[in-house]
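Take a look at the structure set out below.
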Amino acid sequence: MLEAVEITKRFKQTHAVNGVNLFLERGEIIGLLGPNGAGKSTTISIISTLIPPTSGDVRLNNESVIKRPEKLRKILGVVPQEIALYPDLSARENLLFFGKIYRLSGSQLKQKVEEVLEMIGLTDRQHDLVKNFSGGMKRRLNIGAALLHEPELIIMDEPTVGIDPQSRNYILETVKRLNKEKKMTVLYTSHYMEEVEFLCNRIYIMDKGNILAAGTKEEIKNILSAENTIQITVERVNDSFIQALRDHPVVNRVTVQDRVITVLTPKEANAFSILFKIAEETNTMLTSIEIKTPTLEDVFLHLTGRALRN
Amino acid sequence: MIGQFIKKQFLIMIRNKQELLLLLVMPFTLISILGFALTSVMDSKKMDIQAKVAIVEHGNEQEDFEKFANDVKNVQMPDEEKEFLLKQVEKMMPISILKQEILGSKGLEPYIQMAEFQPSELEEIRENDKYTVIVEVPEHFSYTLLNHLIFGEKTKPKLSIYVNEGKEITAQFVQELITEFQEQYSLISKLDQAGLNESLELPVAKVKGEMETVTKREPINSFTYYTVGISVMFVLYLASYISSHALQEKQSNAFHRLLLANVPKNLYMAAIFITSLIIAFFQLSLLYALAAVFYSVKWPDLVSFIIVTLALCVAVGGIGTFLTSLSYRINSDNVSIFFSSGVVSILAFLGGSYFPVSQMSEFMHKLGDMTPNGAGMTAYLKILQGYDLSQFIWTVIYLCLFGFVMFVLSLLVFPKRGEMA
């Protein structure tokens with residue numbers, strides 16, 4: 001349905017996006033996972049025709065939309081990361097305004113507004129001014145404004161940033177519902193791997209303007225099939241213990257977060273006995289040790305050496 | 001679709017008390033304060049006018065009359081009529097009337113000192129800064145004028161009037177007096193011929209020591225002056241208010257929603273232009289309505305008032321869109337802030353919102369009239385003084401052109417897709 005081919009974007013000396021290839025099939029939910037500053041927002045701005053790429057192409061059904069974006073825009077809904085609403089208007093007034101901008105009118109507009117309000121759970125608060133809404137309600141309305149013209153494809157840029165878990169779940173369920181009931185194709189960007197894992201059929205992992213990995217959840221996790229992720233909790237973090245781990249030839253990577261140390265080792269290595277031995281040599285008291293099933297976070301860690309939310 | 005933009009902006013504005021305060025309450029408060037505070041200064045009946053008028057005659061009016069009388073003798077008309085005509089003409093020789101009954105009249109004695117000079121002295125008195133106005137009467141002025149008025153000759157003579165730029169207020173007073181005299185003189189002559197002159201009087205008859213009366217223009221009191229001055233100043237704030245809101249629209253990405261809905265850039269700018277225009281119209285109308293109710297600032301010609309208000313609103317719309325384009329281009333509110341906190345004050349000063357700077361010099365007068373608020377103010381004051389729209393139509397055209405040029409500039413400055421920061 002939609003395809004980004006070798007798109008790059010340069011801002012003066014910075015390569016915000018660097019030869020990204022990405023495609024979406026009709027009815028899919030695609031995840032674009034990466035930390036802040038990975039180039040996700042620039043990528044989706046290019047895909048949604050808001051900014052032109054420095055090079056590369058975006059194609060809708062094999063037709064370039066870079067110079068003639070109108071066709072894509074007609075079937076596209078975009079949920080920006082910012083709350084793109086008018087705070088001094090009510091929820092209903094916002095939807096009516098954006099509906100009219102999309103050339104809806106009369107009973108069709110009213111019906112769509114009711115429907116969207118119902119879908120985002122704001123029917124009871126439709127007459128309240130947006131500035132009085134909670135963060136979660138604003139996020140829901142932000143999504144609603146992109147649904148009025150019934151887009152076939154919706155691009156969501158971190159739609160759950162800064163909201164409470166309840167609203168977040170509501171939004172995730174709404175996205176699932178849109179995909180299932182309305183057959184909407186979704187491109188969902190996030191730096192929350194659990195959201196992407198919950199929603200998406202296929203995932204692109206992005207960092208520093210590059211796509212590092214792409215595939216289904218299982219395919220991506222298989223990147224780590226040759227490694228074990230071992231999580232060690234210590235009573236007190238000991239620098240010599242960490243250094244010894246990093247220096248050991250069978251340890252591929254070490255990250256420390258509070259008292260939890262995550263170690264990646266080859267599957268075939270006898271990791272436990274090595275870890276115990278290092279702990280003993282450096283007088284480090286271990287309180288727990290476990291082998292974890294690899295997550296997308298681990299894959300990201302493996303690929304970049306950094307945690308997603310650093 | 002433009003209607004939606006207007007509705008949206010109205011709703012936002014009426015819900016934003018701080019903005020309403022700035023755009024409506026504050027100007028009205030200022031009108032009240034300045035109107036009361038400066039009543040004694042602006043409404044003073046005492047006029048500090050001391051004009052020295054020099055008259056330089058190239059010919060001789062008596063010879064002109066004799067020449068005219070000779071001509072009349074050769075005209076085919078009954079002798080009685082010829083006699084009557086010459087009697088009438090003898091009584092109303094224009095330069096004599098100007099010298100004796102206008103500039104040298106008792107009524108104007110406290111204000112005007114008149115002196116006569118020979119043509120050979122003209123250069124000397126022109127270089128001398130002593131005289132406020134020099135009236136140069138060309139040769140055969142009266143003869144040509146009488147021929148024009150009575151026999152319909154095409155040639156209409158003109159007095160040359162030299163104005164001392166350093167004494168502009170006084171000079172304007174004398175100039176208006178002479179202009180008024182010329183108009184009245186022509187009219188009286190025509191009516192005299194038709195035997196209808198009973199009620200008309202030369203302007204001097206109405207001199208009561210007030211310039212307004214002499215010039216036959218309505219006096220402007222302090223409330224009237226500041227109603228106009230402060231309103232045309234505060235309507236400029238609307239332009240920065242609109243551009244500031246438009247930038248918020250961009251920074252919150254609401255503008256992106258408009259782009260994605262295939263709203264053309266030109267339509268968006270047109271919507272901003274028209275929204276500014278309409279809100280400015282409402283703002284001005286409300287301020288003038290309040291001034292009418294509380295301070296009896298009444299408009300003698302409502303149609304002219306509406307035309308001038310619309311023209312001023314077009315200019316404000318142009319400024320609003322131009323500021324929006326600049327803000328979009330540099331992706332910052334600094335343009336609007338700079339405009340509202342600095343430029344408006346300068347424009348208000350030049351345009352005469354604080355005090356009539358145009359009376360300082362001809363240069364300041366012209367400079368003030370080049371500002372949209374100054375041009376608007378000039379036009380408004382002229383309506384209030386009873387001028388006809390045709391007498392300041394160029395000001396109205398200038399305001400519309402100003403707004404249009406700003407709008408075109410804003411389309412050129414507005415960033416293209418991909419240029420937007």
Side-chain angles (χ1 to χ4, degrees), chain A residues 9-11 41-42 44-46 48-54 66-90 92-105 109 129-132 138 142 145-146 148-149 151 153-155 157, chain B residues 1-23 241-242 244-272 274-275 279 328-331 333 414-421:
Chain A
K9 186 71 189 177
R10 271 181 226 143
F11 296 109
S41 293
T42 309
I44 63 163
S45 289
I46 294 170
S48 56
T49 74
L50 283 172
I51 56 170
T54 308
I66 299 293
K67 285 193 180 149
R68 305 196 64 131
E70 294 80 12
K71 262 192 184 173
L72 175 62
R73 287 177 180 180
K74 265 186 194 163
I75 61 154
L76 178 69
V78 174
V79 180
Q81 197 170 337
E82 297 78 13
I83 304 294
L85 301 165
Y86 298 103
D88 289 307
L89 299 187
S90 70
R92 187 180 182 83
E93 286 162 350
N94 264 286
L95 292 178
L96 284 170
F97 174 74
F98 287 116
K100 290 230 167 135
I101 293 302
Y102 272 101
R103 283 99 179 156
L104 299 175
S105 59
L109 174 65
L129 299 186
V130 171
K131 66 180 172 192
N132 299 329
K138 284 179 189 167
N142 207 29
L148 289 159
H149 61 300
L153 166 65
I154 186 156
I155 296 178
D157 190 6
Chain B
M1 194 185 289
I2 286 177
Q4 291 311 306
F5 282 96
I6 297 164
K7 185 181 167 189
K8 174 208 65 174
Q9 206 56 53
F10 255 97
L11 287 171
I12 290 173
M13 207 170 103
I14 57 169
R15 284 168 189 167
N16 201 321
K17 290 184 179 59
Q18 212 180 334
E19 303 292 353
L20 275 182
L21 210 70
L22 176 74
L23 296 174
Y241 163 80
I242 291 281
S244 178
H245 263 267
L247 184 70
Q248 280 172 29
E249 206 162 44
K250 174 184 179 271
Q251 289 176 335
S252 73
N253 278 2
F255 176 71
H256 281 170
R257 287 198 196 277
L258 308 182
L259 283 184
L260 289 167
N262 284 325
V263 173
K265 175 186 90 176
N266 293 357
L267 182 77
Y268 177 70
M269 294 308 280
I272 289 187
I274 295 170
T275 306
I279 297 180
Y328 265 63
R329 183 155 277 281
I330 65 166
N331 195 28
D333 213 6
F414 198 84
K416 293 180 180 66
R417 190 165 68 107
E419 284 180 355
M420 227 171 272

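All chains are named by letter (A, B, ...) in the order of the sequence lines, taking the proteins before the strands, and each is independently numbered beginning at 1.
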| Is there a side chain to side chain contact (heavy atoms under 4.5 Å, CB included) between L50(A) and F255(B) once you walk through the steps? | CA-CA 11 Å; L50(A) 283 172; F255(B) 176 71; over 6 Å; no
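- Counting non-hydrogen atoms of neighbouring residues, nucleotides and ligands closer than 6.0 angstrom, the CD atom of Q18(B) reaches no more than 12 such neighbours.
- Residue S90(A) touches chain B through its backbone alone, counting heavy-atom pairs closer than 4.5 Å.
- Evaluation of the side chain to side chain donor-acceptor pair (under 3.5 Å) rule for D157(A) yields S41(A), T189(A) as partners, not counting sequence neighbours.
- Under the 4.5 Å side-chain criterion, counting only non-hydrogen atoms from C-beta, Y86(A) is in contact with E249(B).
- Of the inter-residue distances, the one linking Q81(A) atom CD with N253(B) atom CG reads 9.0 Å to the nearest 0.5 angstrom.
- Counting heavy-atom neighbours within 6.0 Å of K138(A) NZ, excluding the residue itself, gives a total above 12.
- Looking at I46(A), there are no atoms closer than 4.5 Å to chain B (heavy atoms on both sides), in backbone or side chain.
- R15(B) and K131(A) get closest at one heavy-atom pair: O-NZ, 4.2 Å.
- In this structure, the portion of Q251(B) lying under 4.5 Å from any heavy atom of chain A is its backbone and not its side chain.
- Among L89(A), D88(A), I101(A), the single residue meeting the side chain to side chain contact (heavy atoms under 4.5 Å, CB included) criterion with K8(B) is L89(A).
- Closest heavy-atom contact between N262(B) and R103(A): O-NH2, 3.3 Å.
- Using a 4.5 Å cut-off between heavy atoms, N16(B) contacts chain A through its side chain alone, with no backbone atom that close.
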| Step-by-step side chain to side chain contact (heavy atoms under 4.5 Å, CB included) determination, T49(A) to L260(B) | CA-CA 8 Å; T49(A) 74; L260(B) 289 167; 4.3 Å; yes
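- With a 4.5 angstrom heavy-atom cutoff, E93(A) touches chain B only via side-chain atoms.
- Checked by atom type and distance alone, the side chain of R257(B) pairs as donor or acceptor with a backbone atom of A84(A) at under 3.5 Å.
- The 12-atom threshold is exceeded at NZ of K265(B), counting heavy atoms of other residues, nucleotides or ligands nearer than 6.0 Å.
- With a threshold of 4.5 angstrom between heavy atoms, N94(A) does not approach chain B through any atom at all.
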